[in-house]
Amino acid sequence: MDYDFRSIERKWQSYWAEKQVFKAVEDSSRPKFYVLDMFPYPSGAGLHVGHPLGYIASDIYSRYKRLKGFNVLHPMGYDSFGLPAEQYAIQTGQHPEITTQKNIARYREQLDRIGFSYDWSREVRTCDPAFYKWTQWAFLKMFDSWFDPSLHKARPISELIARIEKDGYEDITPEKWAGATEKEKSDMLMNYRIAYQGETAVNWCPELGTVLANDEVKDGLSVRGGFPVEQKKMTQWQLRVSAYAGRLLDSLESLDWTDSLKEMQRNWIGKSEGTEVVFQCGEPAFPVTIFTTRVDTIYGVTFMVLAPESELVDKLTTPQHRAEVDEYLQYVKKKTERERIAETRAVTGVFTGSYGTNPVTGEKVPIWISEYVLAGYGTGAIMAVPAHDSRDYAFARKFNLPVVPIIEGCDVSEQSFDAKEGRMCNSGFLNGMDVKKAIEAAKDYVEEKGLGRRKTNYRLRDAIFSRQRYWGEPFPIYYKDGIPTPVPFDKLPVELPEISEFKPTSAGEPPLARAKDWTYEGYPLETSTMPGFAGSSAYYLRYMDPKNPDALVSPEADGYWRNVDLYIGGTEHATGHLIYSRFWNKFLFDLGYVCEDEPFRKLINQGMIQGRSNFVYRIVGTNTFVSFGLKDQYKTTEIHVDVNIVRGDRLDLEAFKAWRPEFADAEFVLENGEYVCGWAVEKMSKSMFNVVNPDDICEQYGADTLRLYEMFLGPLEQSKPWDTKGIDGVHRFLKKFWRMFEGLNDAQPTKDELKALHNLIGKEQDDIENFSFNTTVSAFMIAVNELSALGCNKKAILEPMVVLLSPFAPHIAEELWHVLGHEGTVSDAKFPEYDASLTVESNCTYAVSFNGKTRFTVDLPVDMKGPEVESHVRALEQTDKYVGGQNIVKVIVVPGKIVNIVVK
RNA sequence: GCCCUGAUGGCGGAAUUGGUAGACGCGCUGGACUCAAAAUCCAGUGUCCCUUAAAGACGUGCCGGUUCGACCCCGGCUUGGGGCACCA
């Protein structure tokens, strides 16, 4: 009987689907385990062989956990709102809904062929109104909340109102509040809401006609599409993510994520502890607060700088300098973000004509304006210490401002001295102190004298939440007499309206402005939509209770599944989705809707699978192609050739002629009768003709082979090129395993057979827990080689082997499970018990050497590990028989060979 | 510029974390089976010296150090990948 993987896989895939084998049901008698994949955006191109890598890994882990007795939740869905579908709609007029549904169907088909153990009854789609109802709900909850800085958590806005009415809050007195109009009250509260509307400089992408979040922009270009992005001041919905910066940073500690990913988040959040200091500025003088992390350098201040966008610019510009300043502001305004990056570190600026007073020295320093100071960070104003800050230094040199060093012996003739080391000088009460001490002493001094206070700043900005687009969640907000007002919860969802065209209106309004009757109770609804990350921020919660019409997730379901135990996905979401989701979850946690503060306990980033491209070499001016080894004898051009007509770097000549009409009459210069192609590792993409479709692999080798091979390719977290060449090895292994079931018998296993099996059990358990799937596959091959060399076809050995294989190659495992005479499914089996004593021989004689010379022999159990052997030999030492009273420092064992004893 | 991260045969990669470097797979070479091919099986396969073997020497990007012992730890480079980049 041959290994007919096609019919086996078809059979078991439909069995799993019909019997709903992987349906997860809350069950408090069993421990839960939640394994999640980052759900895909269903693009038109379909899946290539690189996409399922993480899905296969998470599936193996899920199936393994099931064998270990866990109640596993392993769902899948689609992140189905987004720009590509809408861009496609604008070009073709095809409704995004239609293309999205089509792409989802195609994705599902491809996923199903690989044999995943998803509970499809829990599928979610972010573009489904029943799903985005809860995205809108969360937004309204944020609108209806404020961040209480004394509690460090979100509270209902009603509590803030009560507090204002009673005692006032910040600059809102009870009298001011009582006398305000509805509109004025709404404006005041906007400054505190977690979801709020505010005017800020935003990333505006004219080509896409929308604003973008910081993580959606790279090098001044949009991540989607690569279009230029410029800074523009606009009123937009925003989420007060920055309020959570401290908590997002602190609880990073508790997460089981890779260091590099945590580091990326730390950098993105960008905590810096410093001091705010007040300088009296202008004429007549008024206070200006600056932020610095180096108050200790305050004696070295020789000028101040304002951001061009700062409100202080206008106040501090003297009439004599007005024209010059205006000209500079115009110049800055015209520049796009991209130009700013292109002219890196071009030093520009202008003098305001005003002076500020150093509160410590009483000295007057000039106030300048420069684009190197950012309006959005700190206070938009700085004190400049050119001797000890490289940016201030460059500015001082350009505009001939004085440079005053305040650290003993530092040389500032060529560059600034930025290091926080040395001894202070020229600094009054700080003189003689070590810099690190001086930083603290200066902070204390400033606070004591009432000149300023300690302050922690974060780089993390609030998230811009509006997109001037169609294919996203509509805001449940309408404008009643110009006041943003929430649509009541029981009227959610606010469904996306049908529109005729998906472009912005000619007046530049978002596409929703085209919708007929886009109103609520006669008032206009918000016309922008939510960004892509809105729908993906809480989807993992919805999987816990996907059909619930009354809550995002019921307290029962949430209390059982709690949070994601294992999350697998790409590193590209490090500063986007993974920050927003954590923020979103913390917000819901504050309000008591979820029971865990963090959404993803452990996170693994799978590496990318790159493409391996092949090339042919056409002799210039001909239609003759020369083989790789001979190409240097001719003048050739390198042409990408479809990797699917190349096998082992040998070109299929007939397939090549049929590939493109222009190659139909191609001629070849061969070496040893073959055409050898060149190759290179590149990104997997259509244009490189190196895309390998998982469907083709499933057709040719089967899903089990694909799964094993993707894991065998290398460590999960590492990027590696796909090379179909090696796949025969794992396919051969499966065939070999299959053949072992011919002549199955009930004989008692021998010791060697048991050893091979238990070695594998131990190895697989360790490896899977460490996500080292590639070495597990190797271990399997070793075990099967050993067992087949022993001629083993005994049930007692093969039955546990089938269970061990089932997470990796589930289809063949199910089939063999039935060959062994079982009913039901192998996923109901138990993971075999590991008996360590079986994997080793009882005793072994070692030569004991000291400094390379054999001293004596000793009998030791071979499974003794280093420390055990050490204590064993130490015990021998007590008898004074072996080492002659010398002190043993360390004992090293190499099985079957030498024990090296280090003595003192 | 700063922060992560990697570098091991012809190739993908192992190495119990300081203890036999190169597991496993691919490829290659030779052999068995076959009229032949495919499939399958067996043997060999880091480099150098050598007709071969034994034996030996060398060998984990480079230079140096610690150690009885280093792919692993320390210092200094070279280089691939990723992230951040006027954040005061």
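Computed from a predicted structure; not experimentally measured. Naming convention: chains lettered A, B, ... in sequence-line order (proteins, then strands); numbering from 1 in each chain.
For the 3.5 Å distance criterion, the side chains of Asp418(A) and Ser416(A) qualify, holding a donor opposite an acceptor. A donor-acceptor contact closer than 3.5 angstrom is absent between the side chains of Tyr299(A) and Asn358(A). In this model, no donor atom of one side chain and acceptor atom of the other lie less than 3.5 Å apart for Glu764(A) and Thr776(A).
In the set U40(B), G83(B), C24(B), U40(B) carries the atom at the smallest distance from any side-chain atom of Lys735(A). Comparing C24(B), A88(B), U40(B) by their closest approach to the side chain of Ser778(A) singles out C24(B).
For the pair Thr258(A) and C4(B), the criterion of a side-chain N or O lying under 4.0 Å from OP1 or OP2 is not met. OP1 or OP2 of G25(B) lies within a sub-4.0 Å distance of a side-chain N or O belonging to Asn785(A). For Arg266(A) and C3(B), the shortest distance from a side-chain N or O to OP1 or OP2 is not below 4.0 Å.
The base-pairing partner of G6(B), taking Watson-Crick or G-U wobble contacts with both distances under 3.5 Å, is U79(B). With a cut-off of 3.5 Å on both pairing distances, C33(B) has no Watson-Crick or G-U wobble partner at all.
Look at G75(B): its glycosidic torsion is beyond 90° from 0, and that puts it in the anti range.
Both tests hold for Arg582(A) against Trp257(A): distance to the six-membered ring centre under 6.0 Å, angle to the ring axis within 45°.
Comparing Gly270(A) and Asn774(A) by the nucleotide of RNA chain B that holds the closest heavy atom to each, the one mapping nearer the 5' end is Asn774(A).
Residue-level contact check: Val373(A) touches the bases, meaning some heavy atom is under 4.0 Å from a base atom.
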